[in-house]
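Just below is one structure, and these are the notes that go with it.
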Amino acid sequence: MIQDGQLLNYIGGAWRRSHASDYLDVRNPATAETIVRVPLTPRDEVGAAVQTAQAAFADWRRTPPTERIQYLFKLKRLLDEHFDEIARLTTQECGKTLAESKGELQRGIENVEVATGIPSLMMGYNVEDIARGIDEHMLRQPVGVVAAITPFNFPGMIPLWFLPYAIACGNCFILKPSEKVPVTMSRVFDLIDELGLPPGVVNLVNGAKETVDALLDHPTVRAISFVGSSPVAKYVYSRATANGKRAQCSGGAKNPVVVLPDADMEMATRIIADSSFGCAGQRCLATSVTITVSEAGSAFKEHIANAAATRKVGYGLDQEVEMGPVITAESKQRIESLIGKGVSEGARVLVDGRNASIPGYDGGNFIRPTVLDNVDPHSEIAGIEIFGPVLSLMHVQTIDEAIDLVNATSYGNMACLFTSSGAAARKFRYEAQAGNIGINIGVAAPMAFFPFSGWKESFFGDMHAQGRDAIEFYTEKKVVVERWPREWSRKF
Ligand code: NAD
């Protein structure tokens, strides 16, 4: 909820004004207008949110899962009813196109749908007679108070990777959304407020580092979910686990896509252009490097240069626009300087998106699609996550060389292959070191019932977001061994 131009926190079932001394402006990245001010919630207020969540836990965990999921059915209905309105908010604060905002919200809602299956999903297992008259059961119980810290690039979807599973499993939940895009979730929490959940089951605290640290240090918070850049993911994982918490921390990426000469070049180019330049390249599953094999090189180069140069860039609310701005002016500056670095390291600029000017949006953070050719795999630019609409091209002679380059990156979020050969596809699927693999797919984003499986520097922890991992993460396993001697049953 917004009051007097400031976002409120949602704690203990009510909207509360923070007594933060620091606030940040949330700006529309296309128009540079200030949308709202977001409080940097201090430690003591985070403590109050944790306390109210802990107080709610005792009764919430006893609420039958069949009752708990009724709130999710209502949430799904409300999200559907307010779908367009929420998507517009996402475009206004995050910059992506309206179609992209709708797409991500839809993926978020899919997680609400999957979490309504919790009564089946959180079943345990048992074996009778592990010894005569002794049975053993595995039960799942909720963990307690859990928190999620989320990034700027999917304001609607990523919080929903966590919230539905957390509460359906019987936990009480605290969300700390990105301070750059807090408006989407503020509106979703208006809807959550209508659900009639017991106060304290879900809470929203706005803020940045200090707010995060307060969650990481609070002894009552039992589990932390994080999505963001790798350095922060690593930091959050280390601090949370050092404090005895369970943690799942997803980090950044540098996703390679390999194009073989037998690929359908028209399809490959269209899909790779969408993957590289969709969401202005600010997707952890964006293609940032394309490795062409042998004669795929020249055809692909020509097609992708054309796709990059003709992509319509502008304000995401304008219907014909295919790519919006990047999130902040600092981000634009950083991306442009990384393009410059690539050039200084010997790359050739095939399409240059720097110094973009969009009529009517002078203050916007616009960069047009950029393609760098002949990027040296050993250069710095080849390893850095640019997180903007910049595609690097590398050319090799064999699929083995391509897979070596795929596996040389420190990240492991996604790797894709374009081919019409089943044998090549199997080889790639088998050998590529990444958690999400696409075959003739450009953004291999797992559906809600599969885990979002990053590897290497793209993920710190054991259990990923979504799918069965979510149930593992949000429950403690309890094993019960029971002896009931047969002769006792004869006493009655
Ligand atoms: P970020 O790391 O800057 O911020 C993420 C969250 O961490 C925010 O809520 C922020 O407030 C908080 N934070 C930032 N610095 C912190 C610090 N020093 N201490 C404690 N908390 C801190 O990331 P971002 O710029 O918002 O998001 C983009 C990044 O997220 C990219 O690297 C992208 O690849 C990654 N990402 C990864 C996935 C994935 O599933 N692997 C998904 C989406 C985004």
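Count residues from 1 along the sequence. Counting starts at 1 for both ligands and their atoms, following the listed order. Excluded from the calculations below are hydrogen atoms, water molecules and symmetry mates; all remaining heavy atoms, backbone and side chain alike, are included.
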Note: [X]-[Y] ion pair, threshold 4.0 Å (strictly below):
| X | Y | value |
| --- | --- | --- |
| Lys102 | Asp84 | yes |
| Glu330 | Arg334 | no |
| Asp4 | Arg37 | no |
| Lys180 | Glu93 | no |

Proximity flag Trp161 to ligand 1, non-hydrogen atoms under 4.0 Å: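 Right, Trp161 reaches ligand 1.
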Heavy-atom gap Gly454 to ligand 1 smaller than 4.0 Å: no
Can you list the ligand 1 atoms lying under 4.0 Å from a non-hydrogen atom of [X]?
| X | result |
| --- | --- |
| Ser178 | 9 (O) |
| Ile158 | 42 (C), 43 (C) |
| Tyr235 | 19 (N), 20 (C) |
| Asn153 | 43 (C), 44 (C) |
| Ile149 | 6 (C), 7 (O), 9 (O) |
| Val212 | 20 (C), 21 (N) |

Reported [atom1]-to-[atom2] distance for the pair [X] and [Y], which is rounded to 0.5 angstrom:
| X | Y | atom1 | atom2 | value |
| --- | --- | --- | --- | --- |
| Asp318 | Ile358 | CG | CD1 | 10.5 Å |
| Ile224 | Leu215 | CD1 | CG | 5.5 Å |
| His464 | Ser225 | NE2 | OG | 12.0 Å |

Aromatic ring pairing Phe460/Tyr237, orientation class (parallel under 30°, perpendicular over 60°, tilted between):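 Phe460 and Tyr237: tilted rings.
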Checking the N or O distance criterion of under 3.5 Å, is ligand 1 in contact with [X]?
| X | answer |
| --- | --- |
| Gly251 | yes |
| Phe152 | yes |
| Lys176 | yes |
| Ser229 | yes |

Donor on one side chain, acceptor on other, Glu45 and Ser18, under 3.5 Å: yes
Flag, side chain of [X] to backbone of [Y], donor-acceptor distance under 3.5 Å:
| X | Y | value |
| --- | --- | --- |
| Asn171 | Phe173 | no |
| Arg239 | Asp213 | no |
| Glu431 | Ile403 | no |

[atom] [closest protein heavy-atom partner, distance rounded to 0.1 Å]:
| atom | answer |
| --- | --- |
| atom 7 (O) of ligand 1 | Phe226 CE1, 3.2 Å |
| atom 34 (O) of ligand 1 | Glu385 OE2, 2.6 Å |
| atom 35 (C) of ligand 1 | Gly228 O, 3.1 Å |
| atom 10 (C) of ligand 1 | Glu179 OE1, 3.5 Å |
| atom 27 (O) of ligand 1 | Pro151 CB, 3.3 Å |
| atom 28 (C) of ligand 1 | Phe387 CE2, 3.5 Å |
| atom 18 (N) of ligand 1 | Lys209 CD, 3.6 Å |

Tell me which part of [X] gets within contact of ligand 1: side chain, backbone, both or neither, using heavy atoms under 4.0 Å.
| X | value |
| --- | --- |
| Arg283 | neither |
| Phe452 | side chain |
| Val227 | both |
| Thr150 | backbone |

Nearest-option assignment for atom 42 (C) of ligand 1, heavy atoms, candidates Cys284, Gly207, Pro177, Gly252: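 Nearest option to atom 42 (C) of ligand 1, by heavy atoms: Cys284.
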Closest to atom 14 (C) of ligand 1 among Asp213, Ile327, Asn436, Val232 (heavy-atom distance):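 Result: the heavy atom closest to atom 14 (C) of ligand 1 is in Val232.
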Over 12 foreign heavy atoms within 6.0 Å of CD, Gln333: no
Stepwise ring-ring contact (aromatic ring centres under 6.0 Å, His included) check, Tyr474 with Tyr165: CA-CA 7 Å; Tyr474 285 126; Tyr165 303 102; 7.3 Å; no
Heavy atom of protein closer than 4.0 angstrom to atom 4 (O) of ligand 1: no
Residues in side-chain hydrogen bond (donor to acceptor under 3.5 Å, both in side chains) contact with Glu104, at least two apart in sequence or another chain: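 With neighbours one apart ignored, the set is Lys96.
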